[in-house]
Amino acid sequence: MRKAVCPGSYDPVTNGHLDVFVRAAAVFDQVVVAVLINKTKSSLFTVDERIEMLREVVAPYPNVVVDSFHGLLVDYCKTNDIPAIVKGLRAVSDFDYELQMAQMNHRLAGVETFFISTNPLYSYLSSSLIKEIATYGGDITGLTPESVRTRLYERVAEREH
Ligand code: PNS
């Protein structure tokens, strides 16, 4: 079975992420969406909440599963017998860092990285921008799955009280 991992923070998942998962799932037998557990980075949603939202949105795709990991991505790949990483590339600004990580992951463990060119509809999306817009009451319709949009507005409102 050809497996690939789509690693990230997913705080929260956007339609841009989902587009990458679905396109990767058309090429690989199984796609593992792996949420990084990063205790040093502050997040709006807990890892469990992010996993729950991800599981909801990938439910229609039987070969996409959700998991979490901590430590090095290549160690997660080794433990789970995953030879490939799939990332979305939004713009040239993503490229330098993504190339550096891809080369390092290959150097560390021979894990290959495949880049999917982001759908231009979503090339300007990022979880941070979406959180900022939601925080100030802006309209994020169409930028995240519906269930995520609802939770985002709820969380932002909770934070205000
Ligand atoms: O969504 P993000 O936060 O941009 O995702 C970054 C992520 C999780 C893909 C990257 O930080 C990562 O792979 N972290 C795991 C630690 C690791 O393996 N670091 C060495 C990278 S060469």
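Only a predicted model underlies this, so the values are computations on that prediction, with no experimental measurement involved. Both counts, for ligands and for their atoms, begin at 1 and track the order of listing.
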Problem set entry | Sidechain-backbone polar pair: Asn63 side chain, Val31 backbone, donor-acceptor under 3.5 Å | no

Problem set entry | Whether over 12 other heavy atoms sit under 6.0 Å from Met101 CE | yes

Exercise. Hey, is Lys41 one of the residues with a heavy atom under 4.0 angstrom from ligand 1?
Worked result: yes

Exercise. How close does the nearest protein non-hydrogen atom get to atom 20 (C) of ligand 1, and which residue and atom is it?
Worked result: Leu72 CD2, 4.0 Å

Exercise. Just checking, is any N or O donor in the side chain of Thr46 or Asp48 under 3.5 Å from an acceptor N or O on the other one?
Worked result: no

Problem set entry | Within-cutoff protein neighbour (heavy atom, under 4.0 Å) for atom 1 (O) of ligand 1 | yes

For this session: Salt-bridge test for Arg151 and Glu52: reply yes if a basic N is under 4.0 Å from a carboxylate O, no otherwise.
Result: yes

Exercise. Among protein heavy atoms, which sits nearest to atom 18 (O) of ligand 1, and what does the distance come to when rounded to 0.1 Å?
Worked result: Leu73 N, 2.9 Å

Exercise. What do we get for Leu36 next to ligand 1 when only non-hydrogen atoms under 4.0 Å count, side chain, backbone, both or neither?
Worked result: side chain

Exercise. Between Lys87 and Asp94, is there a salt bridge with N-O shorter than 4.0 Å?
Worked result: no

Problem set entry | Protein contact for atom 16 (C) of ligand 1 (heavy atom, distance under 4.0 Å) | yes

Exercise. Does Gly71 have a heavy atom less than 4.0 Å from any atom of ligand 1?
Worked result: yes

Problem set entry | Residues Asn38 and Thr40: side-chain donor-acceptor under 3.5 angstrom | yes

Problem set entry | His17 and Tyr10 aromatic ring geometry - parallel, tilted or perpendicular at 30°/60° bounds | perpendicular

Seminar exercise, completed: If we number the atoms of ligand 1 from 1 as shown, the ones under 4.0 Å from a heavy atom of Lys87 are 9 (C)

Seminar exercise, completed: protein heavy-atom neighbour closest to atom 22 (S) of ligand 1 works out as Asn105 OD1, 3.6 Å

For this session: Identify whether the distance between the nearest side-chain nitrogen and carboxylate oxygen of Glu158 and Arg155 falls below 4.0 Å.
Result: yes

Problem set entry | Identity and separation of the nearest protein heavy atom to atom 10 (C) of ligand 1 | Met101 SD, 4.2 Å

For this session: Would you check if there is a donor-acceptor pair between the side chains of Arg50 and Ser43 at a distance under 3.5 Å?
Result: yes

Problem set entry | Per-residue contact class, Phe69 against ligand 1 - non-hydrogen pairs under 4.0 Å | side chain

Problem set entry | Within-cut-off N or O pair, Ser9 and ligand 1, under 3.5 Å | yes

Exercise. Going by the order shown, which atoms of ligand 1 are within less than 4.0 Å of some heavy atom of Met104?
Worked result: 22 (S)

Problem set entry | Which segment of Gln100 sits under 4.0 Å of ligand 1 when only heavy atoms are counted | neither

For this session: For atom 6 (C) of ligand 1, find the nearest protein heavy atom and state the residue, atom name and distance (0.1 Å precision).
Result: Gly8 CA, 4.7 Å

Exercise. Quick one: side-chain contact (heavy atoms from CB on, under 4.5 Å) partners of Asp19, sequence neighbours excluded?
Worked result: Arg23, Asn119, Tyr122

